[in-house]
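I have placed the structure first, in the form of structure tokens, so that the comments after it can refer back to it.
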There are 2 protein chains.
Amino acid sequence: MPKKNVSRYVLLGLLDWRPMSGYDIKKIVEFSIRDFWSESYGNIYPTLQKFLTDGLAEKTVERQEGKPDRIVYHITPSGRKELVEWLNESYEQRRIRDEFLVKFLFGHLLPVESNIHLVETYRHSLEERMEWYRKSVAQIKKQGLKNRKDLLEYLALLQGIFVRESKLHWCEEALKALQEHQKD
Amino acid sequence: MPKKNVSRYVLLGLLDWRPMSGYDIKKIVEFSIRDFWSESYGNIYPTLQKFLTDGLAEKTVERQEGKPDRIVYHITPSGRKELVEWLNESYEQRRIRDEFLVKFLFGHLLPVESNIHLVETYRHSLEERMEWYRKSVAQIKKQGLKNRKDLLEYLALLQGIFVRESKLHWCEEALKALQEHQKD
DNA sequence: CGTGTCATGTAATCAGTTACATGATTCA
DNA sequence: TGAATCATGTAACTGATTACATGACACG
């Protein structure tokens, strides 16, 4: 059976990219991978501390002028080993919870106008996020794909774009159908 | 701030469709809405019991021959009222966690062949699920969309199809790119 | 002078899964 | 005779968020 506590491996994976602080990790989760992963400070900081006692990471303290100290975590060989072991395991899709689709699905209890409004708000947030994707792709095209890590990062981004485009397409279809229903 | 414990409202929404047992609910979650919601017995049964004490649902016991009794829950007006209140609230996308994309993203630590295998397995599970979607759509086309509830259910299904199609398309692109990388 | 950013941390709490128990019937 | 389906339930656990605390600096 596959291991739980996937958070650990996400943090190890990010530390494998480059040494980071908990704050850095939070930023990456919020901006880059937020369409497929979420993580709170209350989970990040204790997990990083646990890496130290488990020997999966080491820390260095970076003093900064006018800013608080940064505690930067570096992955160790045994941290990388544990990450690779997890990557080789099979996985299960758990904890899938899309609040939008639930609200949409039970929307017959509200007036059609509310359903339409819900979809329009959803479409708006998808479009906003697409803007970020476009910028990221432009930046990657400038830098080029130097190695497999870059390629995988780019492809993960590409899935985000594909999925968002299909959801935007769905919004159009759904709005058409709901407006049609409104007329009758 | 939006309410947590969305499970409650999913169960209320399902009971609004028709009276159901905990077992029925689990089946619907496993087969119909599993692409955007998951729920365990350990959460379903206590939640249903709480509905009774909160007056959001009432139960009837159905005796069956050769099978255990079924405890069927019926939503009450105040249950429907609480559901509508929740539907009118704004929502936040929380707890987004796609284990596949994490394994894919950090795959540079494994040989390219492993990355390709991961995507192929993923593609296979997507295709399997598409089969279920095709059957469901065929059934709906036979029955027709009688009301808005049916329409919303159909549209929710449609998003599942759109998203899965875009992910399948992505698989092709990803496999192409990885095979290209393999050659170099 | 208030808000936002940088930066780390913990205690309390909750949400939700897992593992277990029970037990009859049906099917291969 | 063993597995699968039907059906309900609970206790133990854990995973993860929320809310709080601290404090300096930059910006308008």
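Heavy atoms only: backbone and side chains are in, while hydrogens, waters and symmetry mates are out. So that the names make sense, note that chain A is the first sequence line, chain B the second, and so on, each numbered from 1.
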Using distance only, find each side-chain donor-acceptor pair of residues 140-147 of chain B under 3.5 Å and give its atom names and separation, not counting sequence neighbours.
{"residue": "B/Lys146", "atom": "NZ", "partner": "B/Asp150", "partner atom": "OD2", "Å": "3.4"}
{"residue": "B/Asn147", "atom": "OD1", "partner": "B/Lys149", "partner atom": "N", "Å": "3.3"}
{"residue": "B/Asn147", "atom": "OD1", "partner": "B/Asp150", "partner atom": "N", "Å": "2.9"}

- Message: Report for the helix from C/dC1-D/dG28 to C/dA28-D/dT1: angle between first-end and last-end helix axes, five pairs each, rounded to 10 degrees.
- Response: 40°

Between [X] and [N], is there a side-chain N or O to OP1/OP2 distance below 4.0 Å?
X: A/Asn43; N: D/dT18; answer: no
X: A/Arg8; N: D/dG15; answer: no
X: B/Arg97; N: D/dG15; answer: no
X: A/Ser40; N: D/dT18; answer: no

Identify the pairs formed between an N or O of the protein and an N or O of nucleotides 6-9 of chain D at a distance under 3.5 Å, and give each distance.
{"residue": "D/dC6", "atom": "OP2", "partner": "B/Tyr23", "partner atom": "OH", "Å": "2.8"}
{"residue": "D/dC6", "atom": "O5'", "partner": "B/Tyr23", "partner atom": "OH", "Å": "3.4"}
{"residue": "D/dA7", "atom": "OP1", "partner": "B/Gln64", "partner atom": "OE1", "Å": "3.0"}
{"residue": "D/dA7", "atom": "OP1", "partner": "B/Gln64", "partner atom": "NE2", "Å": "2.4"}
{"residue": "D/dA7", "atom": "O3'", "partner": "B/Asp69", "partner atom": "O", "Å": "3.4"}
{"residue": "D/dT8", "atom": "OP1", "partner": "B/Ile71", "partner atom": "N", "Å": "2.7"}
{"residue": "D/dT8", "atom": "OP2", "partner": "B/Tyr23", "partner atom": "N", "Å": "3.0"}
{"residue": "D/dT8", "atom": "OP2", "partner": "B/Tyr45", "partner atom": "OH", "Å": "2.9"}
{"residue": "D/dT8", "atom": "O5'", "partner": "B/Tyr45", "partner atom": "OH", "Å": "3.4"}
{"residue": "D/dG9", "atom": "O5'", "partner": "B/Gln49", "partner atom": "NE2", "Å": "3.3"}

- Message: Of the options C/dG16, D/dA16, D/dT17, whose atoms approach the side-chain atoms of A/Ser7 most closely?
- Response: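 Minimum distance to the A/Ser7 side chain belongs to D/dA16.
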
- Could you walk me through whether B/Ser166 and A/Glu165 pass side-chain hydrogen bond (donor to acceptor under 3.5 Å, both in side chains), step by step? CA-CA 8 Å; B/Ser166 73; A/Glu165 271 170 354; over 6 Å; no

Who pairs with [X] by side-chain contact (heavy atoms from CB on, under 4.5 Å), at least two apart in sequence or on another chain?
X: B/Arg129; value: B/Arg34, B/Asp35, B/Trp132, B/Tyr133, B/Arg164
X: B/Ser114; value: B/Leu110, B/Pro111
X: B/Val102; value: A/Val10, A/Phe36, A/Trp37, A/Trp86, B/Phe106

Just list the side-chain donor-acceptor pairs under 3.5 Å for residues 44-51 of chain B, sequence neighbours left out, or say none.
{"residue": "B/Thr47", "atom": "OG1", "partner": "B/Asn43", "partner atom": "O", "Å": "2.6"}
{"residue": "B/Lys50", "atom": "NZ", "partner": "B/Asp54", "partner atom": "OD2", "Å": "3.1"}

Cut-off 3.5 Å, no hydrogens considered: what does the side-chain donor-acceptor table look like for residues 68-77 of chain B, sequence neighbours left out?
{"residue": "B/Arg70", "atom": "NE", "partner": "B/Glu62", "partner atom": "OE1", "Å": "3.3"}
{"residue": "B/Arg70", "atom": "NH1", "partner": "B/Asp24", "partner atom": "OD1", "Å": "3.2"}
{"residue": "B/Arg70", "atom": "NH1", "partner": "B/Asp24", "partner atom": "OD2", "Å": "3.3"}
{"residue": "B/Arg70", "atom": "NH2", "partner": "B/Asp24", "partner atom": "OD2", "Å": "3.0"}
{"residue": "B/His74", "atom": "NE2", "partner": "B/Thr60", "partner atom": "OG1", "Å": "2.9"}
{"residue": "B/Thr76", "atom": "OG1", "partner": "B/Gly55", "partner atom": "O", "Å": "2.6"}
{"residue": "B/Thr76", "atom": "OG1", "partner": "B/Leu56", "partner atom": "O", "Å": "3.1"}
{"residue": "B/Thr76", "atom": "OG1", "partner": "B/Ser78", "partner atom": "OG", "Å": "3.4"}
{"residue": "B/Thr76", "atom": "OG1", "partner": "B/Gly79", "partner atom": "N", "Å": "3.2"}

- Query: Could you give all pairs that pass the salt bridge (charged side-chain N to carboxylate O under 4.0 Å, His left out) test and reach residues 167-180 of chain B, with sequence neighbours left out?
  - Reply: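 Residue pairs passing salt bridge (charged side-chain N to carboxylate O under 4.0 Å, His left out), neighbours aside: B/Arg123-B/Glu172, B/Glu173-B/Lys176, B/Glu180-B/Lys183.
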
